[in-house]
Each structure stands twice: as structure tokens, then as C-alpha cells.
Amino acid sequence: MLLGAVLVLLLAGAAPASAHAALRGSDPDDGSVVKQAPRHVTLTFTESVGLFDDSFRVFGPDQRRVHTDEATHADGRSDTARVGLPGKLAQGTYTVAWRVVSADSHPVSGAFTFSVGKPSATTGQIDTGPAEDPLTGGLHDAARYLAYLAAALLVGLAAFALLCRPADTSPLRRPLVAAWWTLLGSTVALLLLRAPYETGTGPAAAFDAAALGRTLTGRPGEALLARLVVLLLMAAFLIRLSKLRGPEERPAALAVGTALAAALALTWAAAEHASAGIQVPLAMTSSVLHLLATGVWLGGLVALLLTLRRSAGDDLPAVVPRFSRIAFASVTVLAVTGVYQSWRGLGSLSALTGTSYGRLLLAKLAGVCVLLLVAGYSRRWTALIAAPAVPALAAVPAPVPQPVGAPAERHAAAEGLETGEAGPTTEGPEPPGGPVKPGAGSGDPGIRRRLRRSVLVEVAVAAVVLMITTVLTGTLPSRAQAEAAQQAPVGALPPTTEITVPFDTGTGSVTGSGKVQITLDPARVGENGMQALVYGSDSGLVAVPEVRITFTLPSRDVGPIDAELADRGGYWSTNAVNLPLAGNWTMKTTVRVSDVDQVSVERRVRVKP
């Protein structure tokens, strides 16, 4: 409840900021008609962006690609992208497809049009290429998940060995080596896949020497190279860790291990969401602490599971409580940093359910809640492991003879001991599964078995939470999405050129509810074309008796202007919607599904000069 209240307060005071680059403006403007052919195409973004050879693809009126110069930053500004055009461009409409890499390492792409002289009479659909190659994206995501998982295991297993101090660390050695090799392999894979991931091409481009060279000079590539260096240092550290001779060497090993783990976490923080947007130093610090706490907790759970399964168990009463305290501290760090990162990424409470980022965050929160419930169950068994064994009644020593005049209570207690009956005791809560049998403790196989099972469930849930986290780190933050919507490119066609209008007449039939997909082209002063497709509640096209659309400009007291849509046998359209003034018009859509059932829905539409 306290964390929820803090989250509400933080989100209520959120200010707009971005973690992905959003297009702020273009020159020429989207949809503009210029008298003379421009010499350059220039884009301006909300954040600094990285460029590569194919950042721009320009297609002419004949749908053929136009030869362009190399993409550069305009006037040395890192938040711009510019490409030079040929000296003579034919009259007609040109399509510009662009793709850059935002400061947090995620590719961003889009397309727009401009015309030289006058728009082309007809414009066919131009294939500007896929936003992402599915195979490359799948391999890249798999490598990212393996890297997160291996890092958590590597940090957690080493921390368990140093902080919990089990007498036998042999069960941890093989998993430590496997985690190191897995992180090394996934890092190399990410380094090779970086170029095709940025350009949206197939995995074969990973072996392009020029593309690999470009990756190594960019910030994401430099972070991956730094991770490889840290891994080599960690290999030497792990070898040294396996040869510790006494407790006097542990403080130095702990200091070195902490520094290496922080450096490893920094290779993620320096190239992902924390590296761009607001409060970058604080965000990167929070990200490093979040990653370290995740590793210590989740990797430590695996270490505890291995210790419970393979250790003799003589030192479990000391080892298990140590891990329990460390896990509690880790959860506290995760809660504090998680609230901050949620505020930074969301920006508003409505984004929790209204954006993909918010819904993923809710899924992660649900998984963490399940994880905490299972951890609470495990903690009860941990207390039994740590408790000393309850002696059998036969082993109770004979009572000491009571002096004459002893208090009645002491005498009653003595009688209880003589008869084998229990005297007054302070009873604690009954453990799960019933009362503990005499002699239960760290050596009781039943308790160890139950603790192993609950820890195994924790590990399984943690793996799912980590998978959701991997997807979350590659998703556009809600805060950036809101800024991109608010900061539409200067002079660009409004996003309402294509409008979806949901409707519901309340009749409950397939045609009684659904949506109308409306296209207004070009959404400018003068003649406009309009098409309307009606979809039923089953998402299929449906025929309705009437679709009527009218436009009103309240600020100038103009309208209503009827679009006079005609039924074209499957869709409604017109080529003669005359909108005489620029401004924010109110578009009223009326859908009639029967003689008596109809509904009207209003939407705002921006009309440019």
C-alpha cells in the first residue's frame, strides 16, 4: 500500500520527457508542395540520434529510388539528420523513408512525402522496406534475455558464496562457469546482431565487416565491448574466488566482486532507457542498483536451491538466515528503484492501462507480487531451518530438587518435568504443514524438501518476471510515446488523416457495434476525398443503411458541412468534401444500422492551410 501511494504521488507530478527519439519536424514539411526542388532533406528529433549509411531512402514519382548523399547531422547538431538530394528533381510527389537509432539504443523509423511543383496525379503504394526483420528481431530478443538471465546468475551465485559463506561451494562452481559462458556468448551474439537490428535487415548482415565496424564505434557497441572486458576480469576473479584460503581474504574479494558487478550492470544502464531522457545520472544509478539487486536475489535463489539439494546441511542454520536477510535487503532496493523507474517511464497513471509499456509493467508487477508471496512462504521454512532442533522428551534432564518453601509455580513446573508433562511455555505460530516434530531442524529432510520446493517455485516465477523485464526494456516508454504524440512534426499532416471512430447502438447485434475507419485526404483547405469502411463487432466488414459525416468549425461558426457520402457497395466515399478554412474541425459521424437504431460520435480533425 505504501509503495502504491508513493507511485500515485510521483505520477501525479510527472513532467513530460522522452527516452526514445521522437520526430519534431522535417524540412520540407510532410505533405508540402515546394516550387523549387530542395537541396536537402532535414529531420529534427527530440533527442540525439545515431545515423548509418541507409538512414534515408528517397523514392521519386516513378517509385524508383533516388540517389542521395551520405546521411549527416545538420550543423553538427546530434538531434538532427540530413541527406543531400540531386541537383534536379522531376516534378511530382517524393516519399522519404528514414531510420535512425535513438540515444537509448532503440531504432526509430518513419516516412513522409513532399511534392515538387505539384502532387503526382496518382501515387501508388511504395514499399519502403520492413521496420524490422522478424528473424533478426527474434534472435536479438533471445540473446538479450539470455544475457539478463546469465548476468543475474553470475552476480547472484558469486554473492551467495561470498556473503552467505557456505562451507561447501562445489555445488555453485559448475553453474557459475555456465553463466559466465552464456553471458559471453550472448554478448558476442548481440554485438554481431547489432547492425542488422539497427537497419532492419536479415541476420546475414551480421557478418558485414563495414557494418560491424560501425557498430564498434557506436555507444551500444562500446557498451558491449566493455561488457566483454568486464567478463574477462570476472573470469580471473572467479578463479581467485575458488582459491580463497581463509576468512581474512573475504573482505578484499567482496570489494573487488562488488566493483566488477557494478561495472557489469553499468554496461546495460549506459545503453538503454536510463541513458536518455530526464535525470540521466540518477536514472543510471537507479538502473545499476536495480540490476544488482535483481542478480543478488534471483541468482541467490538458484544458489540456495543448489545448496539445499547437494550440501550436507551442517551449516544450513547459519547460511539460510544470512541469505534471508540479504534477500530482504535486495527486495527493498528493488522496490525503491522500481517505483522511480516506473514513474520515469510511465509519466501518468492512465498510461498503466492505455499503453503497451504500462500493461507490461502491470504484468511485471503481478509477477513480482506472486514472487513475494512464494518468498514469504519460503521464509517460514527458513525460520525452521535456522531454529535449533527440538529435543526429545527422553532427553530431558532430571529436575533439580526444589528447596523448602519454593514458590508453588516452581513446584508445579518441577512436577511437570517429573511426569513428562509440559509446563507453561510461550508458543509461536504453528509452521506450515503442522507442528514440528521433536528433533526437527536443519537435518530434517522433510523441512529441507519443502523449502527446496518453494525456492524452486520462486526460481520459476523469477524467470518469467525476467522475461517480461526483457520485453519491457525494448518497449517504447509511455512518457516518450506521449511526447511523440504531443510534438507532431512541424507542418506535418495531422495524425487524424486516418481516423477510427468506434460506435455502439446498444442493440447487441454484430452490426450494432463496431468501428468506422475513415480516411480524409489530404486534410487541407479545399477539396478533400473521403472513404469510410464499417466494421462490425466481429471485426468483419458490414453493410449498414447509412453513414453520414458532417464537419463543423466552432471557432469560426462554420458548418455543419455534409460530406454527402455515397454507398459504393462495401464502403462509403466522396471526392468533394470542401473545407474552406484551416483549423480544428469537429467531425460528426452518424451510423444508422436499422430504421430506428443509430448513433453519432464526434472527433476532432485538424485541417491545414
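Relative orientation of the W98 and F45 rings is perpendicular, given thresholds of 30° and 60° on the angle between their planes.
Expressed to the nearest 0.5 Å, how far CG of L298 lies from OH of Y148 amounts to 13.0 Å. Distance check, rounded to the nearest 0.5 Å: CH2 of W297 to CD of E458 gives 7.0 Å. How far CG of L193 is from CG of D141: 10.0 Å, rounded to the nearest 0.5 Å. Note: L190 CG to L183 CG = 9.5 Å, rounded to the nearest 0.5 Å. In this structure, the separation between CG on L282 and OG on S287 is 11.0 Å, given to the nearest 0.5 Å. The structure places CG of D79 at 11.0 Å from CG of L43, a figure rounded to the nearest 0.5 Å.
Shortest non-hydrogen contact noted between A179 and A150 is O-CB, 3.5 Å. For P171 against D168, the heavy-atom pair with the smallest separation is CD-O, 3.5 Å. In this structure, R99 and P107 approach most closely via the heavy-atom pair NH2-CB, 3.5 Å. Taking each heavy atom of G367 and V461 in turn, the nearest pair found is O-CG1, 3.6 Å. When every heavy atom of L291 is checked against every heavy atom of W268, the shortest pair comes out as CD1-CB, 3.7 Å. Residue Y340 comes nearest to S286 through the heavy atom pair CD2-OG, 3.6 Å, listed as atom of the first residue, atom of the second, then distance.
A donor-acceptor pair under 3.5 Å links the side-chain atoms of T332 to the main chain of F328, judged by distance alone. In this structure, the side chain of T307 engages the main chain of A303 through a donor-acceptor pair within 3.5 Å. Within the 3.5 Å criterion, the main-chain N or O of Y197 finds no donor-acceptor partner in the side chain of H140.
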Verify side chain to side chain contact (heavy atoms under 4.5 Å, CB included) between L305 and L301, making sure each step is shown before the conclusion. CA-CA 6 Å; L305 182 63; L301 284 175; over 6 Å; no
Run V319 and R165 through side chain to side chain contact (heavy atoms under 4.5 Å, CB included) and show every step you take. CA-CA 7 Å; V319 171; R165 304 189 296 277; over 6 Å; no
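Put simply, the side chain of T294 reaches to within 4.5 Å of the side chain of H290, judged on heavy atoms. By the 4.5 Å heavy-atom criterion applied to side chains, P203 and L139 are counted as neighbours. Residues L149 and M467 are not in side-chain contact: their nearest non-hydrogen atoms beyond the backbone lie 4.5 Å or more apart. Here the side chains of L163 and F323 are not in contact, with every heavy-atom distance at 4.5 Å or above. Side-chain contact check for V296 versus I326: some heavy-atom pair is nearer than 4.5 Å. V333 places a side-chain heavy atom less than 4.5 Å from the side chain of T337. Residues T169 and P166 are in side-chain contact: their nearest non-hydrogen atoms beyond the backbone lie under 4.5 Å apart. The shortest distance between side-chain heavy atoms of L51 and V100 falls below 4.5 Å.
Classification of R82 and E70 as a salt-bridged pair fails, no side-chain N sitting under 4.0 Å from a carboxylate O.
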Counting only pairs under 3.5 Å, give me each side-chain donor-acceptor contact of residues 253-267, with atom names and distances, residues two or more places apart or in other chains.
from, atom 1, to, atom 2, distance (Å)
T258, OG1, L254, O, 2.8
T267, OG1, R227, NE, 3.0
T267, OG1, L264, O, 2.5

Under 3.5 Å, which donor-acceptor pairs do the side chains of residues 228-239 form with other protein atoms, sequence neighbours left out?
none

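Put simply, the residue from L241, V302, L157 that forms a side-chain contact (heavy atoms from CB on, under 4.5 Å) with L172 is L157.
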